[in-house]
Amino acid sequence: MPKTQKFRITGGNRLKGTVRVSGAKNAALPLMAATLLSSSKHTLRGVPALKDIFTMAELLDDLGAVCSLKKGTLEINTESIDAFEAPYELVRTMRASVLVLGPLVARYGRAKVSLPGGCAIGARPINLHLMALERMGANITLEGGYILASAKRLKGARVYFDIPTVTGTENVMMAATLAKGTTIIENAAREPEVVDLARALKAMGAEIKGAGESVITIQGVKELNPIKHRVIPDRIEASTFITAAAITAGEVTIENVLPEHMDAVIEKIKQTGTEVKTKGKALVVKGPERPLPANVKTMPYPGFPTDMQAQFMALMTVAEGSSIITETIFENRFMHVAELRRFGAEISIEGHTATVKGVDRLKGAPVMATDLRASASLVLAALRAEGESIVDRIYHIDRGYEAIEKKLRALGAEIERFKD
Ligand code: EPZ
């Protein structure tokens, strides 16, 4: 078994102090892919130093780009792109690699991208991405686990998504910026990360209307200018720290947030008796001695985000009453339940619905992370649990949280990273 890094956490401390949220991983990843749309020198600021960001930079380097990340500023030179393949070994570690598909076909007329394969939380097919690009005139074939896509020049088309896919919307929006004519995306994803990408594309010279709504219209242009853009703050990281303050009955100030991106989470967390106040551009969060139960159903934005389901469930394990948590986006996003039970949580699952019966206390235990947000959920539970917990396979958490143990330690948590 390869030696994996672990967290040792001693629970029971109330978190106190101020934490600063990093830039959004799920905004930075499509923005990095968008640099392929224009052969220039691009600059992205506020980019988090995360495993997934390094993986995307490695992929762009393989395509001939030159990436350098220093203190949150990512310079990407795409003046000499000379390869068009996203290999399986990269794509299987990060599905967001599929975001290079649209830009490569739009700018270079060709792409060879590995099918992402499944992942812990679900099958996560990309059929909608491929349907849309075909509607835009791309010739798509599957060979040896790879998507081969080619097009003389993409043409605008009307595309309807029966599921508002986030990266599907981003892939098509990017491809459409250089297509001939008008593309209309119906039932588009409305996430803030889609809006941030659209903002950057418009600054590059793209003609996009309706980003953030369910219908996005893109008028293709001949060519685009370099990106110069600051990435929005990570609403899921911010929401995770709100939950950390709540579960430890602490009092935390969270800086570098856009509260308007977190309405559903803030509304829901207030129902648990957690106080959330805005102070300038920061949030001040005060956790209750014991949270009240609250039911939640994950929905596409602006609904409650699936990426916060596991973290919210951790909070509900100690609520004074029962909560019903329904996951509607992914078919297998309850991997954290079995691990939360090891702390003494009482959770039963019926299909896509988990019933969490709040218990008085959690007890520290050795647990194992299975995916990015599940690992955040286990850390939250360990911060509340009495005694020592060990969280294994924390490489999952490093994909989406920049230096999380440093940030938590600065708030008074007893947490350290170690190798067996
Ligand atoms: C994005 O993934 C995020 N990743 C995910 O965050 C997030 O959980 C998800 O959106 C939902 O909000 C990035 O932005 C890099 P989808 P994505 O396409 O785009 C089905 C994290 O923790 N679907 O919106 O892959 C799919 O199976 C990650 O940071 C199809 O059936 O999600 C899923 O059930 C995890 N066919 C649902 O739609 C398709 O072609 C939503 O998927 C595409 C999607």
Side-chain angles (χ1 to χ4, degrees), residues 22-34 48 50-53 55-56 59 91 93-102 113 115-135 140 142 147 159-174 185 187-197 214 231-232 234-240 261 264-265 298-312 327-336 352 369-377 396-402:
S22 302
K25 161 176 89 81
N26 289 351
L29 292 172
L31 285 163
M32 290 172 74
L50 294 173
K51 178 100 180 54
D52 276 10
I53 300 292
T55 304
M56 182 62 93
L59 171 54
V91 177
T93 62
M94 188 189 63
R95 329 172 38 74
S97 313
V98 76
L99 284 165
V100 302
L101 180 61
V113 175
L115 269 173
C119 106
I121 61 179
R124 299 181 73 182
I126 56 166
N127 57 309
L128 299 175
H129 302 233
L130 303 179
M131 170 279 290
L133 290 172
E134 271 182 331
R135 296 292 297 272
I140 306 258
L142 298 188
I147 300 150
V159 167
Y160 172 76
F161 283 143
D162 59 10
I163 299 174
T165 159
V166 176
T167 48
T169 300
E170 292 164 346
N171 235 335
V172 174
M173 188 164 71
M174 289 190 282
I185 305 174
N187 199 23
R190 299 175 52 194
E191 272 69 3
E193 293 75 26
V194 172
V195 178
D196 200 35
L197 174 64
S214 294
V231 174
I232 51 171
D234 192 318
R235 61 193 168 95
I236 303 300
E237 183 191 11
S239 301
T240 305
H261 289 171
V265 170
T298 65
M299 296 297 280
Y301 193 89
F304 190 90
T306 173
D307 292 349
M308 270 302 296
Q309 179 256 107
Q311 298 92 307
F312 191 77
E327 170 60 53
T328 72
I329 307 292
F330 290 111
E331 66 269 25
N332 183 32
R333 204 169 196 176
F334 282 147
M335 309 274 278
H336 41 287
H352 290 237
T370 50
D371 59 87
L372 166 54
R373 304 303 172 181
S375 46
S377 161
H396 288 292
I397 207 164
D398 292 336
R399 298 189 50 173
Y401 292 91
E402 192 177 23

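Every number for a ligand or one of its atoms is a count from 1 in the order of the listing.
The N/O atoms of N26, backbone and side chain alike, include one that comes under 3.5 Å of an N/O atom in ligand 1. In terms of polar-atom proximity, K25 is counted as a contact of ligand 1, with an N or O under 3.5 Å from an N or O of the ligand. For ligand 1, the polar-atom distance check finds no N/O of E331 at less than 3.5 Å from any of the ligand's N/O atoms. The N/O atoms of T167, backbone and side chain alike, include one that comes under 3.5 Å of an N/O atom in ligand 1. Residue L128 has at least one N or O atom closer than 3.5 Å to an N or O atom of ligand 1. Any N or O atom pair closer than 3.5 Å counts here, and I121 shares no such pair with ligand 1. Considering both main-chain and side-chain atoms, I163 never comes within under 3.5 Å of ligand 1 through any nitrogen or oxygen pair.
Residue contact annotation: G122 has no non-hydrogen atom under 4.0 Å from ligand 1. Within the 4.0 Å heavy-atom cutoff, R333 counts among the residues contacting ligand 1.
Close contacts between ligand 1 and R373 involve ligand atoms 21 (C), 22 (O), 29 (O) [criterion: under 4.0 Å to a heavy atom]. Residue-ligand proximity, T306 to ligand 1, at heavy-atom distances under 4.0 Å covers atoms 8 (O), 11 (C), 12 (O). Atoms of ligand 1 found under 4.0 Å from any heavy atom of F330 (numbered from 1 in listed order, with element): 8 (O), 9 (C), 33 (C), 34 (O). Which parts of ligand 1 touch H129 is read off a 4.0 Å heavy-atom cut-off, strictly below it: atoms 40 (O). Listed by number with element, the atoms of ligand 1 under 4.0 angstrom from any heavy atom of R124 are 2 (O), 17 (P), 25 (O), 27 (O).
When V194, V166, T298 are ranked by how near their heavy atoms come to atom 1 (C) of ligand 1, first place goes to V166. The option with the heavy atom closest to atom 39 (C) of ligand 1, from among A96, P305, P125, A189, is P125.
Between the D52 side chain and the M94 main chain, no donor and acceptor come within less than 3.5 Å of each other. The main-chain N or O of A120 is never found under 3.5 Å from a side-chain atom of D371 such that the two would form a donor-acceptor pair. A donor-acceptor distance shorter than 3.5 angstrom exists from the side chain of T169 to the backbone of A189, with no hydrogens or angles considered. Side chain of Q311 to backbone of D307: a donor-acceptor contact under 3.5 angstrom is found.
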Problem - Intermediate values then yes/no, salt bridge (Lys or Arg N to Asp or Glu O under 4.0 Å), K25 and E237 - result: CA-CA 9 Å; K25 161 176 89 81; E237 183 191 11; over 6 Å; no

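Proximity of D234 to T240: side-chain heavy atoms (C-beta onward) are nowhere separated by under 4.5 Å. In this structure, T370 and H336 have side chains that are not in contact, with every pair of non-hydrogen atoms separated by 4.5 Å or more. Between E193 and V166 there is no side-chain heavy-atom pair separated by less than 4.5 Å. No side-chain heavy atom of L29 sits under 4.5 Å from any side-chain heavy atom of T167. Residues M308 and I236 have side chains in contact (heavy-atom distance under 4.5 Å, counting atoms from C-beta outward). For the pair R235/P192, a side-chain contact is recorded, criterion being any heavy-atom separation below 4.5 Å from C-beta on. Side-chain contact between R333 and H352: absent, with no pair of heavy atoms (C-beta onward) separated by less than 4.5 Å.
For atom 18 (O) of ligand 1, the nearest protein heavy atom (residue, atom name, distance) is T165 OG1, 2.7 Å. Regarding atom 8 (O) of ligand 1, its nearest protein heavy-atom neighbour is D307 OD1, 2.6 Å.
Contacts of N127 with ligand 1, taken as heavy-atom pairs under 4.0 Å, involve both backbone and side chain. Contacts with ligand 1 closer than 4.0 Å are made by heavy atoms of both the backbone and the side chain of I329.
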